[in-house]
**Student:** 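First the structure, which I've put down as structure tokens, then a few questions once you've had a look.
A, B, ... follow the sequence lines: proteins, then strands. Residue 1 opens every chain. Values below: all heavy atoms of this structure, side chains included; hydrogens, waters and symmetry mates excluded.
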Amino acid sequence: DAGVTQSPTHLIKTRGQQVTLRCSPISGHKSVSWYQQVLGQGPQFIFQYYEKEERGRGNFPDRFSARQFPNYSSELNVNALLLGDSALYLCASSPRGSRTDLSGANVLTFGAGSRLTVL
Amino acid sequence: AQSVAQPEDQVNVAEGNPLTVKCTYSVSGNPYLFWYVQYPNRGLQFLLKYITGDNLVKGSYGFEAEFNKSQTSFHLKKPSALVSDSALYFCAVRDMGGSYIPTFGRGTSLIVHP
């Protein structure tokens, strides 16, 4: 089985532009989460989607948005890019959303990430 | 609120020696604890987790972690380090009774010298 796939792997944008990042979860996984990892920091939670609904949102501005499609793939959009948006954007999938994970401890499977550079 | 601290930015160890990567956490209730590893230009990979039960948790690649409730710690250990263990290690915590989203530490770079 394919793991979590993300595209593009690398991209360069200029300030003010918009970017769309894509993620395909592991087959059978219905939950997708997005994280931002700045160099030297741990992953920071941006969004979680489950069954096409937003189930969680981190402390990011409204320039960040996301959606999940019927096939459970997801897109992360960032508008009006700033230099500080330069980071590795990670997508993670899990079988169920956190609130429906009866085991109580979802293990996240991460993709390799999309490295965004804003000039 | 939940938080996790990894007090060491970098840990250096000689191949064959035991290694420890430290993690302490703070939650209101009981914790779910995780360790992930990140190799260069890769996403995070799950190593092990603690939910409940035995305080010593065994995971992938010979790693284990010990949950210590009184010290609010979840240190990652391995009896004999390999050069291939060199990577970035992240501890994460979730509060059972609180946020459903895990909080990650800032990571510890493990360097194993031949």
**Student:** If you tally heavy-atom pairs under 4.5 Å against chain B, which of A:Gly40, A:Gly56, A:Ser33 wins?
**Tutor:**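 The option with the most such pairs is A:Gly40.
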**Student:** In Å and rounded to the nearest 0.5 Å, what is the CZ to CD distance from B:Phe90 to A:Gln41?
**Tutor:**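 It is 9.0 Å, given to the nearest 0.5 Å.
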**Student:** Linking I/L/V/M/F/W/Y whenever their side-chain heavy atoms sit closer than 4.5 Å, directly or via other members, would A:Val4 and A:Phe69 fall into one cluster?
**Tutor:**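 Different hydrophobic clusters.
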**Student:** I'd like to know whether CG of B:Asp54 has more than 12 heavy-atom contacts from other residues, nucleotides or ligands below 6.0 angstrom.
**Tutor:**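 Counting neighbours around CG of B:Asp54, 12 or fewer heavy atoms of other residues, nucleotides or ligands fall under 6.0 Å, so no.
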**Student:** In the single-linkage hydrophobic clustering (I, L, V, M, F, W, Y; side-chain heavy atoms under 4.5 Å), do A:Leu76 and A:Tyr72 co-cluster?
**Tutor:**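 No, A:Leu76 does not connect to A:Tyr72 through the hydrophobic network.
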**Student:** Do A:Leu21 and A:Leu83 sit in one hydrophobic cluster, given that two such residues count as connected whenever their side-chain heavy atoms are within less than 4.5 Å of each other, even indirectly?
**Tutor:**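 Looking at the clustering, A:Leu83 is in the same group as A:Leu21.
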**Student:** Please round to the nearest 0.5 Å and tell me the distance separating atom OG1 of A:Thr109 and atom OH of B:Tyr36.
**Tutor:**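 The OG1 atom of A:Thr109 sits 7.5 Å away from the OH atom of B:Tyr36.
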**Student:** Go through it in stages, so that I can follow the logic: the residues are A:Tyr35 and B:Phe104, the test is ring-ring contact (aromatic ring centres under 6.0 Å, His included), and I'd like the CA-CA distance, side-chain angles, deciding distance and then a yes or no.
**Tutor:** CA-CA 10 Å; A:Tyr35 288 82; B:Phe104 286 83; 5.6 Å; yes
**Student:** Return a table of donor-acceptor pairs under 3.5 angstrom between the side chains of residues 6-13 of chain A and protein atoms on other chains or two or more places apart.
**Tutor:**
| residue | atom | partner | partner atom | Å |
| --- | --- | --- | --- | --- |
| A:Gln6 | OE1 | A:Cys91 | N | 2.9 |
| A:Gln6 | OE1 | A:Gly113 | N | 3.0 |
| A:Gln6 | NE2 | A:Tyr89 | O | 2.9 |

**Student:** Against chain A, label B:Gln38 side chain, backbone, both or neither, depending on which of its atoms sit under 4.5 Å from a heavy atom there.
**Tutor:**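 It is the side chain, since no backbone atom gets that close.
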**Student:** Using 0.5 Å steps for rounding, measure from the CZ atom of B:Arg106 to the CD atom of A:Gln37.
**Tutor:**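 Those atoms lie 11.5 Å apart.
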**Student:** Which atom names give the shortest non-hydrogen contact between B:Gly105 and A:Pro43, and what distance separates them?
**Tutor:**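 Minimum heavy-atom separation between B:Gly105 and A:Pro43: O-CD, 4.5 Å.
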**Student:** Considering only residues two or more places apart or on different chains, which pairs with a residue in residues 17-29 of chain B satisfy salt bridge (Lys or Arg N to Asp or Glu O under 4.0 Å)?
**Tutor:**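 Checked against salt bridge (Lys or Arg N to Asp or Glu O under 4.0 Å) - neighbours excluded - no pair reaches residues 17-29 of chain B.
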**Student:** Please say yes or no: joined through hydrophobic side-chain contacts below 4.5 Å, possibly via intermediate residues, are B:Tyr89 and B:Leu56 part of one cluster?
**Tutor:**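 Unlinked, B:Tyr89 and B:Leu56 end up in two clusters.
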**Student:** Which heavy-atom pair separates A:Leu108 from B:Pro102 by the least distance, and what is that distance?
**Tutor:**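 That would be CD1-CG, 4.0 Å.
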**Student:** I need the B:Ile101 CD1 to A:Arg57 CZ distance, nearest 0.5 Å.
**Tutor:**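 If I round to the nearest 0.5 Å, the distance is 13.0 Å.
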**Student:** Do you reckon B:Tyr61 sits in the same ILVMFWY cluster as B:Leu110, going by side-chain contacts under 4.5 Å, direct or chained?
**Tutor:**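 Yes; tracing contacts between hydrophobic side chains, which count when under 4.5 Å, links both residues.
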**Student:** Quick one: closest heavy-atom pair of A:Val107 and B:Phe46, and the distance?
**Tutor:**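 Result for this residue pair: CG1-CG, 3.5 Å.
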**Student:** From A:Leu88 CG over to B:Arg42 CZ, what is the distance, rounded to the nearest 0.5 angstrom?
**Tutor:**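 Here the rounded value is 12.5 Å.
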